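In this text the structure is predicted, and so the values were computed from the model without any measurement.
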Amino acid sequence: MDTYGTADHDDHPMLNRLIKLGLFLLAQGIAVMLMAFVALLVSFGTSWSATTEQASLLQPGDARSGTLLLKQDGTYTEAIRLGIDIDVTASGPTLRARVTQVFRNPTKDWVEATYVYPLATDGAVDTLKMVVGDRVIVGDIKERQQARVIYEQARRAGQKAALTEQERPNIFTNSVANIGPGETVLVQIEYQEPVHQSGNEYSLRLPLVVAPRYSPAPIVQSVDFRNDGSGWGATHSDPVPDRDRISPPVLDPAKNAPVNPTSITVRLKSGFALGEVKSHHHDVKVESPDNTTRVVTLTEGAVPADRDFELTWKPAAAKAPSVGLFREHVGDADYLLAFVTPPTPEQAMQKPLPREVVFVIDNSGSMGGTSIVQAKASLTYALSRLQPNDRFNVIRFDDTMDVLFAASVPADAAHVGEATSFVSALQARGGTEMVPAMRAALTDTLGDTSMVRQVVFLTDGAIGNEQQLFETITAMRGRSRVFMVGIGSAPNTYLMTRASELGRGAFTHIGSVEQVEERMRGLFAKLENPAVTGLSAKFSEAKADVTPAIIPDVYRDEPLVLAAKLDKLAGSLEIKGRVGDRPWSVTLPLQNAAEGKGLSKLWARRKIGNAEVARTLREMTPEESDKAILALALDHQIVTRLTSLVAVDKTPSRPEGEPLKLSELPINLPAGWDFEKVFGERQQLPAQLHERHADARNQPAARRPTPAAPDAIRLPKTATSAELKMIAGLILIVLALILFVFNRRQPLLTDAA
């Protein structure tokens with residue numbers, strides 16, 4: 001009994017230990033299986049997140065610079081993205097620009113993208129290419145309505161298509177149909193433009209953003225028809241019939257990161273030794289392969305499209321060449337481009353004529369921010385330059401108007417002081433009713449022919465009814481000369497140049513407060529010195545079609561620029577005029593002309609501009625003007641308001657039955673503008689966000705969010721070693737179990753022995 005009882009007692013601890021060991025091993029196995037299951041879930045979850053459409057994952061807090069989120073059914077989806085690359089080569093008197101727009105569709109839908117963008121006012125757009133994968137589709141010039149029909153047919157058929165249309169000479173629209181989910185489509189346009197010269201300085205301007213336009217409300221006349229049938233009919237008149245086509249959506253910079261990142265490369269091949277090369281509104285890097293060549297790129301790589309890019313360069317010598325002559329042979333004709341800078345009259349020999357100067361300043365809402373500061377500083381400087389024998393007046397306008405004095409007053413200290421106080425108190429507000437202000441400025445109450453009458457108009461030109469302003473100048477200019485001063489980071493250069501042309505004046509641009517004195521000093525050099533008048537051009541042997549046909553006066557430091565189509569390149573060109581009260585002439589032998597590029601298109605573009613001006617001046621009927629413009633555009637293959645470029649990929653890509661969504665790509669608010677002044681008060685304004693000034697390149701870097709790369713794709717952060725670490729952990733757990741079992745077996749074996 002005792003022996004049995006002892007043995008029974010000894011067996012129970014062994015059984016207990018075995019049970020405990022079994023339970024422990026079972027628990028460890030379950031834990032290992034659970035960990036493996038969780039690891040697999042994490043791994044598959046990561047893979048799923050990488051293949052799930054990115055748009056469905058985005059939240060407002062996830063958005064980085066260059067990303068736009070659209071709210072649909074309570075969730076946020078990413079809008080189509082746009083990146084822009086501009087490559088410019090300036091060769092002698094002309095430049096060739098290639099603008100590549102990269103449309104990236106990160107959504108699950110098939111989309112049609114439309115983007116409104118600016119180009120140089122006097123540029124000739126002649127090339128459209130659409131790149132889809134490894135296919136390049138080259139566009140054709142067609143009449144505008146025909147091009148639209150071709151595009152719409154391709155759009156409905158599911159084919160990729162691109163359409164470039166001109167809304168204004170400096171506003172274009174690109175439409176791209178049938179961009180598939182996750183696809184990237186490149187649209188590339190090219191244009192030719194003359195290099196601009198003023199005195200000793202050459203320049204180019206690349207507009208990057210279309211400023212919001214103020215469009216006056218339509219005028220609608222209607223009456224009730226009487227029962228007797230003798231009532232009046234209804235008349236509808238809209239000063240801006242295409243207002244929807246020039247008004248893309250604008251992002252509030254306080255609520256959205258900048259979009260449309262833009263990279264720029266400029267290659268200067270001047271043909272003479274270069275001196276200073278300067279970018280006025282962007283930080284740049286300048287490389288110098290040789291003394292006549294410069295390569296200019298943006299320091300930041302890509303910047304938001306929210307201000308114009310302006311580049312100027314000067315020759316290394318003391319003075320720029322005063323004469324330039326270039327030729328190009330196309331078809332059976334020769335084309336000529338001539339630059340001639342008349343000599344500056346001796347100031348001592350010229351007795352300044354007394355002037356009547358009417359200053360007009362735009363203080364509408366679009367001038368809010370830094371623009372009104374620039375405008376007020378410019379006008380204050382101008383007032384200080386008036387001479388005692390001058391007379392002047394000041395007009396300010398928004399959607400209302402004030403004329404400071406009932407009539408022009410002497411420029412004595414008291415009147416100038418009163419005007420200076422008036423200007424300093426101005427605030428930006430309201431709409432931009434420019435026509436009444438121009439009408440008031442051109443009203444000549446003095447009629448004193450012994451005084452030179454000048455109108456100096458300071459504005460950003462942000463209106464859609466340009467044609468009404470041109471017609472006002474044409475009808476009322478009389479003896480007045482109109483000088484336009486463009487203010488801000490993205491002025492309407494089409495309005496400025498055409499208004500000054502019709503007003504027989506000149507145009508200058510002030511893009512920052514630092515430029516006020518320099519640019520206004522240059523303007524006053526034109527205002528205070530006599531123009532070169534009575535200009536004419538005569539070819540000795542060749543029959544020539546010259547533009548401009550009637551050569552306008554040329555102001556101090558401005559070159560006379562002539563473009564001509566010749567039947568033969570022979571003989572000489574003689575230019576005559578009067579510098580002050582003295583005759584002047586110069587003769588250019590045509591055989592000395594150097595080879596130029598794109599001169600035929602520049603000639604055609606200027607002829608088209610002449611036809612538009614002749615229409616405004618009523619020298620041509622609308623039908624005659626349209627006929628001339630269409631013939632020139634088709635012959636020289638350039639985009640106008642009557643012609644467009646269209647490119648169609650013949651292979652259908654959108655599956656039948658799949659819907660197509662329209663996406664109007666938004667633009668940035670021009671730098672320096674005040675969103676509230678233009679669009680009204682915001683509902684919420686985050687305290688941590690600030691206005692982006694036109695001179696933001698001098699601000700701390702933190703103020704400028706970095707834009708997205710043009711073709712960047714937001715991917716989940718899956719490129720980690722998580723799976724490898726989980727496998728290593730699992731191996732270690734198994735090794736630990738083996739050691740545990742081995743260690744537990746030692747006392748069990750000892751007890752059993």
Side-chain angles (χ1 to χ4, degrees), residues 121-122 124 169 194 196-197 325 335-342 442 449 452-455 466-467 469-484 494-507 526 530-540 542-567 572-581 583-588 599-600 602-622 624-629 631-632 640:
T121 301
D122 48 2
H196 297 272
Q197 181 187 357
L325 195 62
Y335 294 85
L336 195 76
L337 188 64
F339 292 77
V340 179
T341 303
L442 292 174
T449 55
V452 176
R453 192 171 199 275
Q454 299 165 336
V455 174
E466 293 100 331
Q467 189 59 33
L469 187 78
F470 302 153
E471 291 171 355
T472 299
I473 295 172
T474 300
M476 299 186 63
R477 64 184 181 181
R479 65 188 182 94
S480 303
R481 292 178 180 263
V482 179
F483 295 82
M484 303 297 293
Y494 162 57
L495 179 138
M496 305 293 178
T497 53
R498 182 61 57 82
S500 60
E501 179 183 0
L502 293 169
R504 299 166 301 183
F507 159 56
K526 295 175 173 60
V532 180
T533 58
L535 286 162
S536 64
K538 182 180 178 182
F539 288 85
S540 63
K543 291 181 180 178
D545 187 346
V546 182
T547 172
I550 300 174
I551 304 174
D553 297 345
V554 174
Y555 291 89
R556 183 187 175 103
D557 293 333
E558 285 188 341
L560 169 63
V561 183
L562 297 177
K565 179 182 179 181
L566 310 176
D567 63 341
S572 61
L573 165 63
E574 183 182 32
I575 299 172
K576 292 183 177 180
R578 298 190 68 83
V579 179
D581 58 359
W584 165 76
S585 67
V586 64
T587 301
L588 307 177
L599 305 189
S600 62
L602 294 183
W603 173 83
R605 192 70 185 85
R606 290 178 61 137
K607 289 287 289 184
I608 289 167
N610 287 351
E612 297 283 16
V613 169
R615 177 178 181 156
T616 301
L617 295 174
R618 292 179 170 80
E619 296 171 353
M620 297 177 72
T621 65
E624 291 171 340
S625 173
D626 286 356
K627 183 179 179 180
I629 291 169
L632 286 162
T640 66

Flag side-chain contact, heavy atom, 4.5 Å: [X] against [Y]:
| X | Y | answer |
| --- | --- | --- |
| D545 | W603 | yes |
| T497 | D122 | no |
| R615 | D626 | yes |
| T616 | I473 | no |
| L502 | L617 | yes |
| W584 | L535 | yes |
| L562 | P548 | yes |
| I551 | I575 | no |

Which pair of heavy atoms, one from [X] and one from [Y], lies closest together, and at what distance?
| X | Y | value |
| --- | --- | --- |
| Y555 | A506 | CD1-CB, 4.4 Å |
| A604 | L632 | O-CD1, 4.4 Å |
| S585 | K576 | CB-CG, 3.9 Å |
| F539 | A564 | CZ-CB, 4.0 Å |
| L573 | A537 | CD1-CB, 3.9 Å |
| A611 | S625 | O-OG, 3.2 Å |

Out of R481, R504, R578, which one pairs with D553 under the side chain to side chain donor-acceptor pair (under 3.5 Å) rule? R481
How long is the span from the CE atom in M476 to the CG atom in L442, to the nearest 0.5 Å? 5.5 Å
D557 with K526: basic N within carboxylate O range, under 4.0 Å: no
Check this for me: does any side-chain nitrogen of one of E501 and R498 sit under 4.0 Å from a carboxylate oxygen of the other? yes
Evaluate whether atom CD1 of I550 has more than 12 neighbouring non-hydrogen atoms of other residues, nucleotides or ligands under 6.0 angstrom away. no
Taking atom CZ as the centre, does R479 end up with more than 12 heavy-atom neighbours from other residues, nucleotides or ligands that are less than 6.0 angstrom away? yes
Will you find, in the side chains of R453 and S480, an N or O donor that is under 3.5 Å from an N or O acceptor? yes
Assess whether side chain to side chain contact (heavy atoms under 4.5 Å, CB included) is satisfied between I629 and E612, documenting all intermediate values. CA-CA 8 Å; I629 291 169; E612 297 283 16; 3.4 Å; yes
Test side chain to side chain contact (heavy atoms under 4.5 Å, CB included) applied to M484 and L495, step by step: CA-CA 9 Å; M484 303 297 293; L495 179 138; 3.8 Å; yes
